[in-house]
There are 2 protein chains.
Amino acid sequence: MARNKYPEETVELILNTAARLFTEKGFDKTSLQDIIDETKLSKGAIYHHFTSKEDIFDKICQRIGAANSERLAAVRDSKDMNGLEKLRSIFRSSMLHPNQERIAEIIPRLIDNPRILAIHVKMQFENVAPNFIAPIIREGIADGSIQAEAPEQLAEAVMILSDIWLNPAVWPVNREDMRKRCEVFRSITRSIGLDFLDDDVVEAYVDYSDAVLNNQSNK
Amino acid sequence: MARNKYPEETVELILNTAARLFTEKGFDKTSLQDIIDETKLSKGAIYHHFTSKEDIFDKICQRIGAANSERLAAVRDSKDMNGLEKLRSIFRSSMLHPNQERIAEIIPRLIDNPRILAIHVKMQFENVAPNFIAPIIREGIADGSIQAEAPEQLAEAVMILSDIWLNPAVWPVNREDMRKRCEVFRSITRSIGLDFLDDDVVEAYVDYSDAVLNNQSNK
DNA sequence: ACCTCATTTACAGACTAACGGTCTGTATGT
DNA sequence: ACATACAGACCGTTAGTCTGTAAATGAGGT
């Protein structure tokens, strides 16, 4: 086949396939041949749409980042909630998200997938914390729902703790340990004026961690 | 040259050279040829002492981990301090360590060196937190110098925050931001019964961060 | 509106350089 | 003599390049 009418579909196919393989096997252990085999495309096709394997990875990250930003921006710019409620909403939706189960099935411990871990950490620092969490905390301080100082640094600390330490995809633990982690996280956030983790969200964290753990031991 | 009298020196040469190259250029971008060129050894020599490039990396990590563990164990097992004093001592010595300047000269942002970042995170989770920080917190709770619960989880939280977020090697920031981070870290640790970061240690963090930042902009 | 044809685009796949790793050969210490 | 510490040719696989080709497209004439 030459000169496809709908090249966007080819791009999508490459991105989707590569994303799956990268999360399943890791970036290094996914070869271009793997992508070629799974997509039934040719090297020429892939290098026509992307400049390198790295480029494919970057584009996948951009796509995920954009989807994530959109979700967060909707909450941040909402007029119906105060600062604290927005924080609560974000953590609620990220944990009770519909595609949660699928992720638990696929993802290996991110700690064993350095590339994905690093980009994950980077996104928290460069995008999520400064552009979404910090403004919301600032809003919360202004509207009186949050008592705190240094919103930028608080946002960073909260995201590091919740998105790396509490994140079961990074390092899953058993139910009890996860519950204890959540409790410590709550006592920390409460003490700095940010009490936004609800009981049912904690349970979702615990369930998710357990699911990832079980899925791994099955392999 | 064949059949060297002192093969340990060859092993050391390989480990030291590889460690430097891995931190300078990253694991992936350091080729065996680079190591061969810099050591003036041959492929045969390297594969005689190591089974793979990965193996070299692992041995480097083990060496660093062992040195680190030794330092931490000495504090943990000391009879002259209570729990809180031990924590204080650890953070003091890790920041005011003699080889600090050398590291600042070499290291790129760990966030751009995924492999090293991942092993760094892993060591905190698998070794430092459970084997050293948690026991010390437990001791502090027992001797009354620390008021807290869940020492294992607290240890994890403290190490995540201090060794990733506050660590200038991971993500250096300017002096003001670093100072703010330290302040937030202090308010967090204080609130959970762990006030162990002294003013002069904060200044060391700030200086270190600034040094790493300046060094990078020079490149 | 329809046909023509040059041009651009979306691929296919042979080819290349560099990589990690293996294997055989060799000199030197024990 | 034998084991050890190398040296370096060799191999399969990898990411990335380059050339070839067929289908879509857009401009110009009818």
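Chain letters run A, B, ... following the sequence lines, proteins first and then strands; every chain starts at 1.
Phosphate proximity of C/dC11 to A/Thr10: present, with a side-chain N or O under 4.0 Å from OP1 or OP2. At C/dG13, none of the side-chain N or O atoms of A/Ser42 fall inside 4.0 Å of OP1 or OP2 (strictly under the cut-off). Close to D/dG16, at under 4.0 Å from its OP1 or OP2, lies no side-chain N or O of A/Thr51. A close approach under 4.0 Å does occur between a side-chain nitrogen or oxygen of B/His49 and OP1 or OP2 of D/dC6. Between A/His48 and C/dA10 there is a side-chain polar atom (N or O) within less than 4.0 angstrom of OP1 or OP2.
In the interface, the side chain of A/Lys43 is paired with the base of D/dA15 through a donor and an acceptor atom under 3.5 Å apart.
Rounded to whole angstrom, the span from the NZ atom of B/Lys40 across to the C1' atom of D/dA5 amounts to 20 Å. Between the C1' atom of D/dC10 and the CD1 atom of B/Ile36 lies a distance of 14 Å, rounded to the nearest Å. C/dG20 atom P lies 12 Å from atom CG of B/Leu21, rounded to whole Å. Rounded to whole Å, the distance from CG on B/Asp37 to P on D/dG8 is 13 Å. Between the OH atom of B/Tyr47 and the P atom of C/dT24 there is a distance of 17 Å, rounded to whole Å. When rounded to the nearest whole Å, the span between NZ of B/Lys29 and C1' of C/dC19 equals 15 Å. When rounded to the nearest whole Å, the span between CD1 of A/Ile35 and P of C/dC11 equals 15 Å. Look at CD1 on B/Ile46: it is 21 Å from P on D/dT4, rounded to the nearest Å.
Residues passing the salt bridge (Lys or Arg N to Asp or Glu O under 4.0 Å) test with B/Asp200 are B/Arg92, sequence neighbours excluded.
Residue B/Val11 is the one, among A/Glu54 and B/Val11, whose nearest nucleotide of DNA chain D lies closer to the 5' end (criterion: closest heavy atom).
Within the 4.0 angstrom heavy-atom criterion, only backbone atoms of the sugar-phosphate kind lie near B/Thr30; the bases stay farther away.
Taking only side-chain atoms of A/Lys53, from C-beta outward, the nucleotide of C/dC11, D/dA15, D/dC6 with the closest atom is D/dA15. Of the listed nucleotides (D/dA5, C/dG21, C/dA12), D/dA5 has the atom at the smallest distance from the side chain of B/Pro7.
Side chains of A/Ser162 and A/Asn167: no donor on one and acceptor on the other come within 3.5 Å. Residues B/Asn16 and B/Arg63 bring a donor and an acceptor atom of their side chains to less than 3.5 Å of each other.
A salt bridge does not link A/Lys29 with A/Asp34: none of the charged nitrogens is closer than 4.0 Å to a carboxylate oxygen.
Here CD1 of B/Ile60 is found 10.0 Å from CG of B/Asp55. Values are rounded to the nearest 0.5 Å.
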